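Notes to accompany the following structure.
Everything quoted here is computed from the prediction, not taken from an experiment. All ligand and atom numbering here is 1-based and tracks the order in the structure.
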Amino acid sequence: MSKQFAVIGNPIEQSRSPELHHAFAAKTGIDLHYSKRLAPLDGFDASMKAFFAQGGAGMNVTVPFKEQAFAACAVLTERAKIAKAVNTLWMENGKLHGDNTDGQGLVDAIKVLDWNLEHTDILIIGAGGATRGVIYPLVQAGAKKIVIANRTLARAEQLVEDLKDAVPAAELSAAGLDALQGHFDIVINATSASLSGDALILPKALQFKQAYEMAYGKTSSFLDQAKARGVPASEGFGMLVGQAIESFRIWNGVKPDLKDFL
Ligand code: ATR
């Protein structure tokens, strides 16, 4: 029988993970089946355990269960510990293992664009789970200074406080959104503004060379402003595919080339 994988979430219908993993499998010659699993909001643990009890090889976790998946794991990777969220699960030696591949997905997506990360100054807008998940991989990829800017300054300050010891190689700082200024190599939109269709106004005093929007397939005022300034700008499809590729690598030991799936 082919290896069984699934993505669990609520809602789940919109997930593109099955089509991506089947495309990676076709390219690499691995025999697998990947399905969608809708769990009730109070039923993550039971549904996840049933999947592994039935011989499931690996599971992706999406909204709103990434923190519950983190709490359920017996063994966590360093980047999952720092993210405090897990999107990739598997069983090893009878123990549930968890990783978080979102940050590596972002790093790989940025590299495919040929944007440099070594010794860079990065601005991340937003201070929620999406931001928390990508800081450590960005620093591992060479980011030297990261400013976390948020509408609610206190949340950005708290995140910097939580993360600074985990990334001693970089200088982390917090800022409010309205007072933003300075020059950055890359600005990343990790807010949920585009998902909810809200505008995100970038101050004029803020300068940047490249802009990455984590959301995809949505109108984004962030991307519109970046394009109006004439800077290279990308939506988040590459990150979506990149995190899926990194999960696939963990489970199957082969890393498909991101370029082939964009
Ligand atoms: P996620 O886990 O996706 O990061 P979250 O924890 O709900 O989601 O965080 C959403 C982030 O988007 C927050 O940083 C939020 O800012 P606040 O902390 O001030 O709420 C930010 N956000 C959402 N809508 C926004 C908007 N219209 N303008 C600016 N920031 C916004």
Below 4.0 angstrom from a heavy atom of Ala127, which ligand 1 atoms are there? Numbered from 1 as shown, please. 14 (O)
Residue part near ligand 1, for Thr152, under 4.0 Å between non-hydrogen atoms: both
Of Asn150, Leu195, Asn189, the one whose closest heavy atom lies nearest atom 15 (C) of ligand 1 is Asn150
Which protein non-hydrogen atom lies closest to atom 29 (C) of ligand 1, naming both residue and atom, and how far is it? Leu200 CD1, 3.4 Å
Thr131 N/O under 3.5 Å from ligand 1 N/O: no
Around atom 2 (O) of ligand 1, find the nearest protein heavy atom and jot down its residue, atom name and distance. Gly129 N, 3.1 Å
Is a side-chain donor or acceptor of His21 paired with a backbone partner of Ser17 at a separation under 3.5 angstrom? no
Tell me whether Glu235 contacts the main-chain N or O of Phe237 through its side chain, where contact means a donor paired with an acceptor under 3.5 Å. no
min-distance protein heavy atom vs atom 3 (O) of ligand 1 -> Ala130 CB, 4.0 Å
Give the residue, atom name and distance (to 0.1 Å) of the protein heavy atom nearest atom 10 (C) of ligand 1. Ser192 OG, 3.5 Å
Flag for Ser234-Glu213: side-chain donor and acceptor within less than 3.5 Å: no
With respect to Arg151, determine whether any N or O atom, backbone or side chain, lies less than 3.5 Å from an N or O atom of ligand 1. yes
Determine yes or no for a side-chain-to-main-chain donor-acceptor pair under 3.5 angstrom, with Arg132 supplying the side chain and Ile82 the backbone. yes
Salt bridge Asp108-Lys255, side-chain N to carboxylate O under 4.0 Å: yes
Please determine if Gly126 has a nitrogen or oxygen closer than 3.5 Å to a nitrogen or oxygen of ligand 1. no
Would you say atom 7 (O) of ligand 1 has a protein heavy atom nearer than 4.0 Å? no
Starting from atom 13 (C) of ligand 1, find the nearest protein heavy-atom neighbour and note its residue, name and distance. Arg155 NH1, 3.4 Å
Under 4.5 Å side-chain linkage, directly or through intermediates, the cluster mates of Phe44: Ile8, Met48, Phe51, Phe52, Met59, Val61, Phe65, Phe70, Leu76, Val86, Leu89, Met91, Leu96
Side chains of Asn100 and Thr88 only: does a donor on one sit below 3.5 Å from an acceptor on the other? no
Leu177 near ligand 1, heavy-atom distance under 4.0 Å? yes
Which residues satisfy the side-chain hydrogen bond (donor to acceptor under 3.5 Å, both in side chains) test with Lys209, sequence neighbours excluded? Asp185
Any side-chain donor near an acceptor of the partner, Lys111 and Asn116, under 3.5 Å: no
Using a 4.0 Å heavy-atom cut-off, say whether Thr191 meets ligand 1 through its side chain, its backbone, both or neither. both
